[in-house]
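Notes for the one structure printed next.
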Amino acid sequence: MAFFLQYAWLIPALPLLGCALITFTPLRRSKAASGWATIALMLAATLLAVGLLAATAQGLALRDGQLVTLETAGHGEAAPAEGEASAEHAEGEAAPTEGEAAFAFPEPNVVQRFAWAPTGTSVFEMGVYIDTPVAAMLAMVTLTSTCIHLFSLGYMAANPRQSRFFSFISLFTAAMLLMTLADNLLLFFMAWEVMGLCSYLLIGFLFERPQAYRAAVKAFITTRIGDVLMLLGLVYLYAQAGSLAFGTGEGEIFNPAFLERIGSEAGYLGMSHATGIALLLFAGTVGKSAQFPLHVWLPDAMEGPTPVSALIHAATMVSAGVFLVARTYPVLEADTGTALFVVACIGAFTALFAATIAVAQYDIKRILAYSTLSQLGFMVAALGIGGWVAGMFHLLTHAFFKALLFLGSGSVIHGMEATPKIEALHHKDEYAAQQTAQDIRNMGGLRTRMPWTFWTYTLGYLALAGVVPFAGFWSKDEILADAFTHGRWVVFGVLVVAAFLTAFYMTRQWRLVFFGEFRGEQPVVFKNPEATHHGHHGHDAHHDDHGHDAHHSNNGPHWHEDPSMIAPLVVLASFAVTAGFFNLPFAIPGGHWLSGIWGQEAAPFNLVVAGISLLVAFGGIAAGWAFYGGAFARSSDTDPLDRQAPALFRLLNEKYRIDELYQASFGRLTVILALAWAWIDRAILDGIINGIGRLTLFFGQLNFIIDDTLLNDGPDAVAGGTMATGKRTRRLQTGKAQDYIVYVFGGAVILALVYLYVIR
């Protein structure tokens, strides 16, 4: 076990090595070799991560290179379960404040640091800080990323840039793993920014499409807004603490005395230092985890290949934002509750807001994207109401079943693109063909054509809908139980409605994709707004999501399911079923296992909340099945909700027109500012710079004249005169005595005359 603790730094190093091998060696010339190399390295990283989780779960730690066992309470012990809640949680009594259930930052199992940069009187150190939440995150990220790598081997097989794709996703995974292991917020932020770069590269991977590169730029710029505010938060925190290192010791940012001081001292705008720092750090989460109002980039991220969608929405980028809140939770708790209140409000609003939009979408991937937005809202809201365990638990379970759903949607799209109508459309406009393949109105009856995809997708759907005993039920129920127990009735009500809508829109999607008659023979064709300029991209078969080959249908049946794509679906489906058992809310062996190893108190099991949760899930499923049981006999039929409330449906389908609002306000303001700056640049700055240039030229010419006339010609003339005088003077030296007598006599005469006529 000491090996896993000692060499945990290899977990991000292995996928980074995969990126380096593909980028800098001839390995990139072979698509198969580059794919299998990165998969092998990810498998090795997964084994290390699982071993590390097992070691930390046993309480093993490294101290001065020696293996020891931590004495921290909670390792292997069940947290309070049903009936064990304290008296203040009883019905009818006042809800506790955040401070009453204070979060205890876990004791580290491994801390490895090295001197990185001098800071004057001290040295800034970098390294890894491993505790049980970090170990759990590492296991989740490596497992899901390995499945995504394996899925990509088949999905991207025909793409000529497959090696580059594997290089990018390996770097993406390495950055997420390094961020998780970081021992301080600066290293955390550096890895965070590498993920931002990777998201740009991968969302815009199919850069031939205007939609793809615009989506990449949109994601990059939108997330930078939150990142700039987060960086200000890091500066603010460093100014107060003189450190960014995780830990509760002296000079570390979670030191109790330091937290008490920043929570009590007033800072800017009447807020305490803790509130200001916490809100600035949370702005990074709002951007990275796409919370309202910076949510607009995440649905557009669907322009990237489907494995990218799975990686962003499940294992890496959006999970990073929630993990930031969880990792810096003591700072959020240090104030009077303002920061956590803001976190809870934004999370709950985003959960409901995104769920309503998902109800009216037709793109199979965008439905899942808005589902991710909603589920991230659940996690953020849970952290905001003090449910740290519930938020982290849902982060872990959601990663498995959301990765499963995205990869399952990729399998469906892969099959749809091989159908005759869409394949014929592909030759005219590949982007229109892919968007048509992703429209759930064009599907139907796929459960018999793609049985592996159907059954694994169904397990992911039931987990997301919150059906017992699937993983999503246990983690989502724990969030609701936290809200109920802490008396956060508004948050509880909003999340209940969001949970109902989740079950509803996922049933709508599941029903239209897998049941009824296949409608792809007469599909609703996507109208590409770029077709007039870019409508012939389809002549290159490699421009689409996974390099769809125009002759794909000749290689086998249209609905062939690739084994390299099915295997990761099966693995992820197993976790969609079982991941919830890692934190069962019962006082049984293994019950509350995660909260136990994390050393945190979990919400007690509440039979009323569990009943409400199941009622909501089954109610949403029933409503979805009832509404769409006989809907879309043809792909061109009108959606039942559209028939009953067309104005509302259109508003939801157009995403509340938030993008248009931003374009009309911030976008237009940006254009105006850009035009103003261009005028200033031309009329003022150019004039100043050109004037300085002309003035410099004048002084240069003047200096040339002075240099040429006085410094060059003048000394040259003096030198020439001296030489001429010398030549004439030396003629007086004849060497004849009589000449010298004449010179002496002449001189005496001259001196006499001077004396007689001048001096006297």
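The first residue in the sequence is number 1, and the count goes up from there. Hydrogens, waters and symmetry mates are skipped; everything else that's a heavy atom, side chains included, is used.
- Rounding to the nearest 0.5 Å gives a distance of 10.5 Å between CG of L279 and CG of L229.
- Comment: R214 does not engage E303 in a salt bridge, judged by the lack of any side-chain N to carboxylate O separation of less than 4.0 angstrom.
- Interatomic distance, CZ of F124 versus CG of L244, reported as 4.5 Å (0.5 Å rounding).
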| field | F105 vs F254, ring-ring contact (aromatic ring centres under 6.0 Å, His included): CA-CA, chis, key distance, verdict | value | CA-CA 8 Å; F105 195 77; F254 302 141; 4.5 Å; yes
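- The closest side-chain donor-acceptor pair between N528 and Q211 falls under 3.5 angstrom.
- Among all heavy-atom pairs drawn from L177 and I11, the shortest one is CD1-O, 3.5 Å.
- For the residue pair T119 and S122, a side-chain donor N or O sits within less than 3.5 Å of a side-chain acceptor on the partner.
- Shown here is Y757, whose OH atom has no more than 12 heavy atoms of other residues, nucleotides or ligands within 6.0 Å.
- Two rings, from Y268 and Y236, have their centers less than 6.0 Å apart.
- L324 is listed as a side-chain neighbour of F188, based on a closest heavy-atom distance under 4.5 Å.
- Residues A32 and Q162 come closest through the heavy atom pair N-OE1, 4.5 Å.
- Between R161 and F205 the shortest heavy-atom distance is NH2-O, 2.9 Å.
- For the residue pair A245 and R113, the shortest heavy atom distance occurs at CB-NH2, 3.7 Å.
- Using modelled atom types, one finds no donor on one side chain facing an acceptor on the other under 3.5 Å when comparing T173 with S170.
- For the residue pair D335 and S272, the shortest heavy atom distance occurs at CB-OG, 3.7 Å.
- A donor and an acceptor atom, one from each side chain of T23 and S167, are located under 3.5 Å apart.
- Geometric assessment of R224 against the ring of F220 yields a positive cation-pi assignment under the 6.0 Å and 45° thresholds.
- By the neighbour-count criterion of 12 heavy atoms within 6.0 Å, atom CG of L269 is sparsely surrounded, having that number or fewer from other residues, nucleotides or ligands.
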